[in-house]
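Dumping the structure here so I can ask a few things about it.
Every heavy atom of this structure was used, including side-chain atoms; hydrogens, water molecules and symmetry mates were not. These numbers come from a predicted model, not from an experiment. The residues of the chain are indexed from 1 along the displayed sequence.
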Amino acid sequence: MLKKAATLDIKMICPLHGPILKENLGYYIEKYDIWSSYKPEEDGVFIAYASIHGNTAEAAKDLAKMLEEKGAKKVSIMDLARCDMAEAIEDAFKYDKIVLAASSYNFGVFTPMEQFLHHLIGKNYQNRKIGIVENGTWAPSAGKCMKEMLSQMKDINIVEPLVTIRSTVKEDTRVALNELADSILR
């Protein structure tokens with residue numbers, strides 16, 4: 001449809017919702033082409049985390065620093081328990097790689113991450129490389145739950161290792177995060 005539209009002299013775009021567009025139409029048509037084909041807009045890593053007591057947040061921030069030191073072009077990080085969910089979804093679609101980091105909660109995954117993943121499922125999220133970090137003291141369950149939700153999406157490449165934090169970030173956690181950083185950037 002966009003190929004046909006490209007041959008027309010378009011003066012205005014009147015979407016079903018949102019403002020009527022009369023200027024810079026090429027920009028908007030290009031964005032729609034990217035979004036409708038589920039292609040990422042940028043080479044970068046989005047780290048979305050849901051932390052209960054701050055330990056998962058610490059791991060996410062450590063990972064962000066590692067990715068930057070390894071030359072990631074862009075690293076964006078958001079706390080799903082405190083951010084605007086629409087902005088988190090925007091970054092998930094914007095970047096070609098994402099790391100999901102969440103605490104285990106009631107034999108599942110901490111609610112903000114679960115809600116975030118439901119939003120992505122509803123928006124047909126696809127074509128991304130994804131890393132997973134889970135936290136759980138005695139029965140980590142977040143990783144398994146996130147993988148199950150990701151299995152509902154198309155063309156998702158989950159990279160190894162799945163990093164498991166046992167309550168707090170320790171040296172072995174940092175080693176595993178470093179391995180994940182290498183895998184996500186490959």
Quiz item: Would you call K70-D182 a salt bridge at under 4.0 Å N-O?
Solution: yes

Quiz item: Is there a side-chain contact between L117 and V109 (heavy atoms, below 4.5 Å)?
Solution: no

Quiz prompt | Smallest separation among heavy atoms of M113 and A48, with atom names | solution = CE-O, 3.3 Å

Practice problem: Report yes if some heavy atom in the side chain of I47 is under 4.5 Å from a heavy atom in the side chain of L67; otherwise report no. | Solution: yes

Quiz prompt | Partners meeting ring-ring contact (aromatic ring centres under 6.0 Å, His included) with F110 (sequence neighbours left out) | solution = Y105

Quiz item: Do the non-hydrogen side-chain atoms of K144 and E134 ever get within less than 4.5 Å of each other?
Solution: no

Quiz item: Are Y95 and R128 close enough that some pair of their side-chain heavy atoms sits under 4.5 Å apart?
Solution: no

Quiz item: Residues two or more places apart in sequence or in another chain: which of them pass salt bridge (Lys or Arg N to Asp or Glu O under 4.0 Å) with K65?
Solution: none

Quiz item: Looking only at heavy atoms, what is the nearest atom pair of A92 and Y125, with distance?
Solution: O-OH, 2.8 Å

Quiz item: Can you find a heavy atom in the side chain of L150 that is under 4.5 Å from one in the side chain of I132?
Solution: yes

Quiz prompt | By salt bridge (Lys or Arg N to Asp or Glu O under 4.0 Å) - contacts of K154 (at least two apart) | solution = none

Self-check item: Short side-chain to backbone donor-acceptor contact, N157 and I130, under 3.5 Å
Solution: no

Quiz item: Any side-chain heavy atom of Y38 sitting closer than 4.5 Å to one from F93?
Solution: yes

Self-check item: Close side-chain approach of L162 and K147, heavy atoms under 4.5 Å
Solution: yes

Exercise. Return the set of residues passing salt bridge (Lys or Arg N to Asp or Glu O under 4.0 Å) with E68 (not counting sequence neighbours), or none when no residue passes.
Key: none

Could you list the donor-acceptor pairs under 3.5 angstrom formed between side-chain atoms of residues 52-59 and any protein atom two or more places apart in sequence or on another chain?
{"residue": "N55", "atom": "ND2", "partner": "S167", "partner atom": "O", "Å": "3.0"}
{"residue": "T56", "atom": "OG1", "partner": "S103", "partner atom": "OG", "Å": "3.0"}
{"residue": "T56", "atom": "OG1", "partner": "N135", "partner atom": "ND2", "Å": "3.2"}
{"residue": "E58", "atom": "OE2", "partner": "R174", "partner atom": "NH2", "Å": "3.2"}

Quiz item: Can any side-chain N or O of S104 pair as donor or acceptor with the backbone N or O of P140 at less than 3.5 Å?
Solution: no

Quiz item: With distance as the sole test, does K11 use its side chain to make a donor-acceptor pair with the main-chain N or O of D9 at under 3.5 Å?
Solution: no

Exercise. Quick one: do D91 and E87 satisfy side chain to side chain contact (heavy atoms under 4.5 Å, CB included)? Show the steps, please.
Key: CA-CA 6 Å; D91 274 6; E87 288 182 20; over 6 Å; no

Quiz item: With E42, which residues qualify under salt bridge (Lys or Arg N to Asp or Glu O under 4.0 Å), at least two apart?
Solution: K94

Quiz item: Under 4.0 Å between a Lys/Arg side-chain N and an Asp/Glu carboxylate O for D43 and K97?
Solution: yes

